[in-house]
Amino acid sequence: MEKTRVVILILLTASGILTQKDMDGKVFLMPRETSTSYVRLYPMRNGPIANLTVCLKCHTDLARTYTLFSLATSSKYNDFLMFHYTNRFSIYVGNQQLFFNIPSTVELRSICVSWGSLSGEVVLWINGNPYPRKMFMKGYRVGANPIIIIGQEQDNYGGGFDASQSFVGEISDVHMWDRVLSSQDLMDVLYNSNISGNVINWQNLTYETKGEVLVLPQLCKLNYKPDCCNIPS
């Protein structure tokens with residue numbers, strides 16, 4: 001099968017250079033701890049957001065806390081945040097924090113989080129397995145005009161980074177939807193099927209790198225078959 005030609009658009013803006021490309025089979029590598037290296041992702045929709053799902057894959061040997069996905073708005077710097085502790089996974093919505101307990105021996109490779117305003121239901125999937133659902137921030141809406149960053153946590157709108165909370169390693173396959181994905185949709189994401197985010201789409205990604213960030217070929221595809229679901233091979 002003929003490969004789809006990758007089209008790279010370089011757009012000059014007041015803030016720097018934006019790149020738009022299909023990142024399939026690629027990773028962002030942040031090789032060392034800094035407060036200056038990160039990737040800003042430009043969403044295709046600007047909210048407000050009443051429902052969302054974020055999925056990504058990562059590979060790191062960090063033994064400390066670190067940030068995976070930071071969405072800030074002008075009024076709330078942790079309007080949506082995915083943050084890893086040694087034995088807990090933290091999700092912020094509207095600057096409020098929710099914890100999931102995870103074994104310290106779990107190596108995070110694939111993470112999906114969904115949240116819906118109508119019920120407040122939060123679902124966390126790690127490495128293809130769902131954790132017990134929780135209820136959180138019912139009735140809230142994530143604000144408009146978000147700044148989305150991977151590799152750093154925003155302590156102000158687009159900045160305020162702390163090297164001790166930075167991510168070091170590889171991040172790939174970042175997708176975001178403005179809806180709660182069904183279980184079947186999540187299975188497709190975990191199997192690397194052709195399902196792409198409508199807010200952030202890894203196959204049509206507009207991004208800007210800052211500091212020491214490399215784009216490299218992915219070493220291998222990660223596929224997960226959840227123990228709780230009967231998915232055809």
Side-chain angles (χ1 to χ4, degrees), residues 23 26-41 52-73 76-115 122-129 131 134 136 142 146-176 200 202 205 207-216 218-220 222 224:
M23 288 288 288
K26 304 290 186 182
V27 302
F28 289 121
L29 171 64
M30 285 151 271
R32 61 189 182 89
E33 180 180 300
T34 75
S35 62
T36 56
S37 297
Y38 63 92
V39 183
R40 178 173 175 180
L41 307 180
L52 61 82
T53 303
V54 174
C55 292
L56 59 83
K57 294 174 183 177
C58 64
H59 194 190
T60 182
D61 59 4
L62 286 174
R64 57 161 173 80
T65 60
Y66 55 84
T67 306
L68 284 166
F69 186 96
S70 172
L71 184 156
T73 56
K76 291 185 171 64
Y77 306 143
N78 291 326
D79 220 351
F80 182 76
L81 174 69
M82 295 163 59
F83 196 88
H84 177 256
Y85 293 85
T86 304
N87 59 352
R88 293 189 296 178
F89 193 88
S90 172
I91 298 163
Y92 281 80
V93 176
N95 280 2
Q96 302 301 306
Q97 189 172 26
L98 177 69
F99 286 105
F100 286 83
N101 293 322
I102 61 174
S104 59
T105 55
V106 170
E107 179 186 12
L108 269 67
R109 299 298 302 274
S110 173
I111 304 99
C112 284
V113 175
S114 66
W115 167 80
V122 180
V123 182
L124 170 66
W125 293 71
I126 293 179
N127 299 346
N129 293 302
Y131 279 69
K134 299 191 177 187
F136 187 56
V142 173
I147 293 178
I148 300 174
I149 285 175
I150 55 176
Q152 302 284 348
E153 182 194 355
Q154 300 174 76
D155 283 333
N156 58 52
Y157 190 41
F161 306 135
D162 182 344
S164 68
Q165 297 175 334
S166 66
F167 179 82
V168 179
E170 301 176 15
I171 291 183
S172 68
D173 299 284
V174 184
H175 290 276
M176 179 177 176
I200 298 294
W202 191 249
L205 191 68
Y207 68 89
E208 180 182 5
T209 61
K210 293 288 188 179
E212 191 176 3
V213 180
L214 303 174
V215 177
L216 298 175
Q218 194 173 44
L219 292 177
C220 63
L222 296 175
Y224 289 100

* CA sep, side-chain torsions, deciding dist, call: V215, M23, side-chain contact (heavy atoms from CB on, under 4.5 Å) -> CA-CA 9 Å; V215 177; M23 288 288 288; 3.9 Å; yes
Euclidean distance, [Y] [atom2] relative to [X] [atom1], rounded to 0.5 Å:
X    : Y    : atom1 : atom2 : value
I147 : Y157 : CD1   : OH    : 4.5 Å
H175 : C55  : NE2   : SG    : 8.0 Å
T36  : Q152 : OG1   : CD    : 7.5 Å
I150 : L71  : CD1   : CG    : 12.5 Å
Y85  : I102 : OH    : CD1   : 12.0 Å
I148 : R40  : CD1   : CZ    : 9.0 Å

Over all heavy atoms of both residues, which pair between [X] and [Y] is shortest? Give the atoms and the distance, please.
X    : Y    : value
S172 : V27  : CB-CG1, 3.6 Å
T53  : S114 : OG1-CB, 3.4 Å
A72  : Y77  : CB-O, 3.3 Å
F80  : V54  : CE2-CG2, 3.7 Å
I111 : C58  : CD1-SG, 3.7 Å
Y131 : P103 : OH-CD, 3.9 Å

Quick one: are [X] and [Y] in side-chain contact, heavy atoms under 4.5 Å?
X    : Y    : result
F89  : L124 : yes
V174 : F28  : no
L108 : L68  : yes
M30  : V168 : no

Is there a donor-acceptor pair closer than 3.5 Å between any side-chain N or O of [X] and the backbone N or O of [Y]?
X    : Y    : result
K134 : F99  : yes
S37  : V213 : no
D173 : L56  : no

All side chain to side chain contact (heavy atoms under 4.5 Å, CB included) counterparts of [X], not counting sequence neighbours:
X    : value
S104 : T86, N87
H59  : E107, R109, E170
T67  : S70, L81, F83, E153, Q165

* To do: Just jot down the side chain to side chain donor-acceptor pair (under 3.5 Å) partners of D162, sequence neighbours excluded, or say none.
  =>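 Testing D162 for side chain to side chain donor-acceptor pair (under 3.5 Å), a comparison that skips the adjacent residues, returns S164.
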* Could you pull out all residues at least two apart from T73 that satisfy side chain to side chain donor-acceptor pair (under 3.5 Å)? => D79
* To do: Determine the sole option in Y207, F161, F69 for which the ring-ring contact (aromatic ring centres under 6.0 Å, His included) test with Y38 is passed.
  =>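 Filter result, single survivor: F161.
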* Look at the rings of Y66 and H84 and say which category their plane angle falls in: under 30° parallel, 30 to 60° tilted, over 60° perpendicular. =>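 The arrangement is tilted - the two ring planes meet at 30° to 60°.
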* Non-neighbouring partners of R64 that pass salt bridge (Lys or Arg N to Asp or Glu O under 4.0 Å), sequence neighbours left out ->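 E33.
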